[in-house]
Amino acid sequence: MRPADQTKQFIKNASINSNPDVNEAVLKELINEMDKSQNTACVTRRPDMWRIIMKNPVTKIAAAAVIIIGVLAGAYYLGDSVNIAGTAYAEVVERLHNARTLTYIVETSASIEWMPSIKMEIAFKEPGYMRMAAPGGYVSIIDSIQGKGLTILPPKKQFVEIEMSNLQNDPAQQNINLIEKLRSLPERADEELGTREIDGREVQGFRITEEGLINSVWIDVQSRQLVLVEMEFLNAPGMSGTMSDFQFDVELDDSLFNLTPPDGYTRLEIQVDTDEVSEQNLIEFLRLWTTWVKDSRFPPTLDPTKLANFSMEMVAKGEFINDEQISEEEQHEKSLKMTRGLMFLLKMPADSNWRYAGEGVRFGDAGTAIFWYRPEGSQTYRVIYGDLSVQDVAPENLPK
Amino acid sequence: MDSQCLVASQKAKRETEDFINSHIDDPNKGWPIFSRVATDFASKWKSLMLEDKLLVWKFKHGSRDALCQIYEKYRDDLLRIAAGLLNETDVAEDIVHDVFIMFVRSAKQFRLTGSLRGYLARCVVNRARNENLSRQRRQTVSLDDTEPLALDSKRPDRWIICSEEFARLSNAMATLPYEQREAVILHIQGGMKFREIARLQGVSDKTAQSRFRYGLTKLRSILFSEVTK
């Protein structure tokens with residue numbers, strides 16, 4: 001054996017063990033910490049939203065928000081919000097915990113004239129498949145294990161392949177693990193709502209209020225089946241939604257989650273290689289946003305979920321420039337820019353300490369820092385200013 | 001096995017038993033077939049469950065089992081890296097403890113863009129480096145001046161239990177410049193490529209390789225009493 005190999009071997013073989021008692025103590029501490037985090041966690045993201053946003057011109061963001069909040073808030077509701085004292089509820093929880101598949105129908109509506117109610121069929125299957133089917137044959141399938149998805153667009157016989165191989169925490173994937181979320185239900189509801197009748201069934205209601213969302217859950221008194229969930233979105237006045245027709249552990253054929261596009265369909269490219277996204281993509285998105293709004297201000301937030309909510313309000317206030325006339329190619333290009341800009345954020349490591357301070361700042365304000373982050377391995381921060389110029393700044397000189 | 005891990009393994013066992021019960025009519029043939037099928041099942045289950053992507057996915061969604069598995073899977077590796085870098089087990093233990101705590105606290109925001117092992121190792125390295133820097137700033141004791149690693153593994157509160165070889169290695173490591181130590185530990189014990197080490201250290205690939213090579217040469221001279229020229 002060569003001396004270098006001998007040394008390497010020695011290093012490899014030099015072992016340590018860990019004390020089992022301490023191992024267990026630390027693990028308990030971690031689990032306690034996890035429980036604390038779970039209890040204090042609020043609804044931070046409604047995962048698919050950003051993806052839908054990106055596929056729409058900005059004046060349609062609100063519509064996208066309605067759809068996605070409707071779909072996903074239900075998932076969050078079920079996953080995050082409630083556990084109610086009572087055997088009927090306990091049984092529902094138990095069934096949710098053990099469900100291998102789950103299907104339901106979600107319907108959302110908004111009190112906006114041009115925005116129709118939207119009804120979608122949702123199907124989940126372990127370990128990480130989701131299918132959303134909307135009227136008109138629109139279907140989205142996500143396979144979170146492969147990190148791939150497929151959306152079918154019947155009008156033009158097109159399909160979109162979603163490839164997020166380098167973005168394992170893609171928010172779109174987070175939503176899929178509904179079943180897993182259901183296993184960590186919190187302990188109580190805020191209020192009991194008594195009984196009422198739905199389609200001839202006597203149901204018992206429970207209300208849970210969480211950040212931005214009120215949920216009313218209705219469970220059949222006799223059969224102890226989950227019948228209906230009503231959702232009211234506090235951040236989007238006038239928006240509401242229901243989840244119904246729950247089915248647990250029905251046989252869902254794998255073909256439902258097949259990512260092979262139908263014959264005769266052509267590919268619409270929106271693949272984003274997250275390896276290639278850079279600071280410049282974020283800058284392009286910020287610039288693009290200022291062209292969408294009438295007052296040239298930067299977005300109020302870069303959190304995709306909050307951005308959608310803000311967009312809803314901005315649409316209602318007429319703050320966007322009407323760009324309904326843009327071509328599909330332009331729409332696509334803009335969507336891609338938005339995608340890549342937000343991808344840059346999603347890809348950023350936790351220790352980048354990025355911060356956005358662009359709310360209220362107008363494009364061209366060279367004296368105001370709107371975004372900064374520390375690139376990997378760098379001692380200094382990259383700071384983007386209101387004129388979208390960029391400078392390297394020492395940590396002690398960052399804006400306070 | 002920790003009690004929380006039992007939940008996951010019991011689930012697998014239960015599923016295995018269900019499978020057996022539904023497939024074996026003759027109880028006399030049950031056990032050998034059970035043994036074979038259970039092994040097969042356990043193997044498949046393990047490969048599925050231990051896959052990092054899935055683990056992280058479940059962990060982010062609040063799965064205790066996933067946290068337990070991540071902890072079990074990487075705990076000793078991280079302790080070894082920390083102890084190798086710092087030559088002081090108390091501090092190494094604190095760092096690994098803190099890394100796991102921060103990992104749990106940041107679950108919701110956590111974004112895995114590479115390997116989980118690499119991510120956790122980088123967290124340990126960054127904290128170890130900070131520890132080294134803060135000592136240098138305080139101009140007290142640098143890592144290079146710490147006392148030889150003692151084999152005081154009998155202390156009940158001690159997390160890391162060093163083998164004699166590890167103590168010997170760690171004491172030899174302490175004589176290396178910190179960057180060389182990092183390169184050696186991360187490449188051999190952390191399984192990182194030179195490109196990753198270079199990125200972590202903010203140097204070129206060649207520099208990372210050189211640091212590794214010089215470090216290895218010096219270690220060889222110390223560990224095996226060879227004279228370097």
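So you know, we letter chains A, B, ... as the sequences are listed, proteins then strands, and number each from 1.
Between B:R122 and A:E376 the shortest side-chain heavy-atom distance falls below 4.5 Å. Using a 4.5 Å cut-off on side-chain heavy atoms (C-beta onward), B:R220 and A:F10 make no contact. The closest side-chain heavy-atom distance from A:I11 to B:L219 is below 4.5 Å. Residues A:E33 and B:R105 have side chains in contact (heavy-atom distance under 4.5 Å, counting atoms from C-beta outward). The side-chain heavy atoms of B:I101 and A:E29, taken from C-beta on, include a pair separated by under 4.5 Å. Counting heavy atoms from C-beta outward, A:D35 and B:R64 have side chains that approach closer than 4.5 Å.
Residue B:W159 is tested with A:V26, A:D21, A:I16 for a side-chain contact (heavy atoms from CB on, under 4.5 Å); the sole match is A:V26.
One finds the CE atom of A:M34 at 12.5 Å from the CZ atom of B:F100 (value rounded to the nearest 0.5 Å). Once rounded to the nearest 0.5 Å, the distance linking CD1 of B:I160 with CG of A:N17 reads 11.0 Å. The structure places CD1 of B:I188 at 9.5 Å from CD of A:Q9, a figure rounded to the nearest 0.5 Å.
Using a distance-only test at 3.5 Å, with no hydrogens or angles considered, a donor-acceptor pair links the side chain of A:N19 to the main chain of B:R158. No donor-acceptor pair under 3.5 Å is formed between the side chain of B:Y71 and the backbone N or O of A:L30.
A pairwise comparison of heavy atoms in B:L79 and A:S18 identifies CD1-CB, 3.8 Å as the closest pair. When every heavy atom of A:A14 is checked against every heavy atom of B:Q189, the shortest pair comes out as O-NE2, 4.0 Å.
Residue pairs meeting the ring-ring contact (aromatic ring centres under 6.0 Å, His included) criterion with at least one partner in residues 197-217 of chain B, sequence neighbours excluded, are B:H187-B:F212, B:F194-B:F212.
In terms of heavy-atom pairs under 4.5 Å with chain A, the best-connected choice from B:I185, B:N126, B:L216 is B:L216.
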